[in-house]
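Below is one structure, written out as structure tokens; the observations come after it.
Computed from heavy atoms alone, side chains included, the values below leave out hydrogens, waters and symmetry copies.
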Amino acid sequence: DGKIGKGAGSMKIAIGRYNCDGTYSFYSDTAAPDHGVNKDPKRWQAKEVPIVVDGSKAYPDKMIPVFSQDSQRGYTITPYVVSTTFKLDWELYTQGFTMEKFPDDGTEDNMNCVGELADGTWKAAGTFIVYAPMDVNNHDGITDLDGQTFCQLVAFGPFVKSPCLETKRCTPDPGGDTTKCAFVKLPDSLCPVTDAEKAMWGCHIGDVVKPGDATDPAGEKTNCTKDAVTTALDPDKGPVTTQGQCCDPLGTQTNGLPACNAYMLRNEFTAAAAEITDEEVNDLQPDCHGK
């Protein structure tokens with residue numbers, strides 16, 4: 001009746017591919033090939049997520065995922081292709097998705113385009129946060145990094161192939177001297193692993209040392225507890241006072257905390273609206289050069 005309201009809705013957040021006619025398609029339940037440790041052909045398929053839509057709020061608060069109806073919180077798997085052959089190269093595994101900044105001035109143009117291309121350079125206008133667990137991101141070698149895994153890339157920097165999970169954790173040298181400590185970045189987050197954990201809490205920053213420390217003066221705000229979570233942290237049922245248990249970046253566990261097992265990734269982005277086709281596709285991103 002012309003009134004701004006609030007109600008239940010749904011959305012699909014998924015990885016797909018651009019088509020050479022300018023449209024976009026999601027992958028089907030048979031699109032993902034047998035690749036290394038993962039043989040599930042459904043792993044790229046879009047999943048529908050229940051949300052609460054509040055027309056009175058600006059993005060990203062306008063559309064909030066419903067925690068209680070999305071308790072499994074599995075992986076989102078992003079396939080990357082070799083730039084010359086357009087064959088599957090490696091897959092990035094992430095958990096969680098939080099739209100942190102999405103410009104919203106109420107105009108249609110703002111919804112169709114986020115960011116801009118100025119003087120040949122893309123200028124991002126939005127940010128989102130995901131979490132990359134260490135173990136599942138330590139299988140695929142990246143061709144352009146001479147076979148280095150994504151876990152090694154984040155932990156040690158480009159082209160360094162130290163064992164990501166076995167290398168003893170140490171506090172990164174403030175001056176960047178990797179001869180003193182192999183790590184340039186320690187894991188800072190805790191992600192659920194078992195189904196029981198996924199039903200109670202999601203990935204979160206768990207490094208209580210990080211805010212304002214010598215290696216990261218900017219820091220990240222933590223909202224974690226010393227004790228393990230025993231009941232569902234469900235924001236649908238009222239205020240949540242914690243995101244979950246804190247974790248130990250060094251993995252010593254001498255303080256009674258579990259070892260941090262993931263990296264929080266804050267991504268700047270530009271975005272352009274595209275027509276999503278009705279049909280899902282089974283083929284990887286095609287080579288559209290010259291089209």
Side-chain angles (χ1 to χ4, degrees), residues 13 49-52 57 60-61 63-76 93-101 127-138 151 154-155 164-165 167-172 181 183-267:
I13 301 177
V49 179
I51 60 173
V52 173
K57 296 184 178 180
D61 296 328
M63 301 187 298
I64 302 297
V66 181
F67 184 97
S68 59
Q69 296 179 41
D70 184 31
S71 61
Q72 292 309 304
R73 277 172 285 285
Y75 298 121
T76 295
Y93 286 68
T94 58
Q95 287 178 268
F97 179 90
T98 302
M99 183 66 73
E100 185 180 49
K101 179 184 177 183
T127 59
F128 67 89
I129 290 173
V130 293
Y131 298 84
M134 299 177 71
D135 55 353
V136 291
N137 283 300
N138 196 42
C151 183
V154 180
C164 187
L165 302 178
T167 299
K168 185 177 180 180
R169 299 183 188 182
C170 51
T171 303
C181 176
F183 281 83
V184 297
K185 180 177 175 62
L186 283 170
D188 54 15
S189 302
L190 190 65
C191 281
V193 177
T194 67
D195 287 342
E197 290 174 341
K198 292 175 184 177
M200 290 189 292
W201 48 275
C203 297
H204 57 278
I205 287 283
D207 180 359
V208 295
V209 181
K210 191 171 182 180
D213 72 5
T215 60
D216 189 0
E220 293 292 340
K221 293 182 179 179
T222 56
N223 184 25
C224 57
T225 60
K226 179 179 179 181
D227 297 327
V229 175
T230 57
T231 58
L233 301 179
D234 187 349
D236 305 322
K237 296 182 180 179
V240 176
T241 58
T242 174
Q243 292 179 309
Q245 189 177 21
C246 301
C247 61
D248 180 8
L250 291 171
T252 60
Q253 300 187 28
T254 55
N255 51 11
L257 298 176
C260 294
N261 62 6
Y263 288 97
M264 187 275 278
L265 305 177
R266 172 175 282 109
N267 301 272

If you round to the nearest 0.5 Å, how far is SG of Cys203 from CD1 of Ile129?
12.0 Å
When rounded to the nearest 0.5 Å, the distance separating CG of Asp188 from CD1 of Ile205 is 4.0 Å
Less than 4.5 Å apart, any side-chain heavy atom of Pro172 and any of Leu186?
yes
Check for a donor-acceptor pair, side chain of Thr242 on one end and backbone N or O of Asn223 on the other, with a separation under 3.5 Å.
yes
Below 4.5 Å, heavy atoms only, C-beta onward: do Met264 and Tyr131 meet side chain to side chain?
yes
Verify disulfide bond (SG atoms under 2.5 Å apart) between Cys170 and Cys181, making sure each step is shown before the conclusion.
CA-CA 6 Å; Cys170 51; Cys181 176; 2.0 Å; yes
Less than 4.5 Å apart, any side-chain heavy atom of Gln95 and any of Pro133?
yes
Is the closest side-chain heavy-atom distance between Pro50 and Pro65 below 4.5 Å?
no
Minimum-distance pair of heavy atoms, taken over all atoms of Pro192 and Gly202
CD-C, 3.8 Å
Any Asn261 side-chain heavy atom under 4.5 Å of Leu190 side chain:
yes
Kindly compute the distance separating CG (Asp135) from OH (Tyr93), expressed to the nearest 0.5 Å.
10.5 Å
Donor-acceptor pair, side chain of His204 and main chain of Gln245, under 3.5 angstrom
yes
What's the separation between atom CE in Met99 and atom CG in Asp61, rounded to the nearest 0.5 Å?
11.5 Å
Separation of Asp207 CG from Leu257 CG (nearest 0.5 Å):
10.0 Å
Minimum heavy-atom separation for Val130 and Phe97, please, with both atom names.
CG1-CD1, 4.0 Å
All heavy atoms of Met134 vs all of Leu165, minimum pair found to be CB-CD2, 3.8 Å
Test item: Asp227 side-chain N/O and Thr225 main-chain N/O as donor-acceptor pair under 3.5 Å
no
Please name the pair of heavy atoms, one in Arg266 and one in Thr127, separated by the smallest distance, quoted to 0.1 Å.
CG-CB, 4.5 Å
With rounding to the nearest 0.5 Å, note down the distance linking OH in Tyr263 to SG in Cys191.
12.5 Å
Tightest non-hydrogen contact, residues Ala232 and Ala199, listed as CB-O, 3.9 Å
Would you say Tyr75 and Val136 make side-chain contact, with heavy atoms under 4.5 Å?
yes
With a 4.5 Å heavy-atom cut-off, do Gln243 and Trp201 have their side chains touching?
no
How close do Cys224 and Gly206 get, counting heavy atoms only, and between which atoms?
SG-O, 4.0 Å
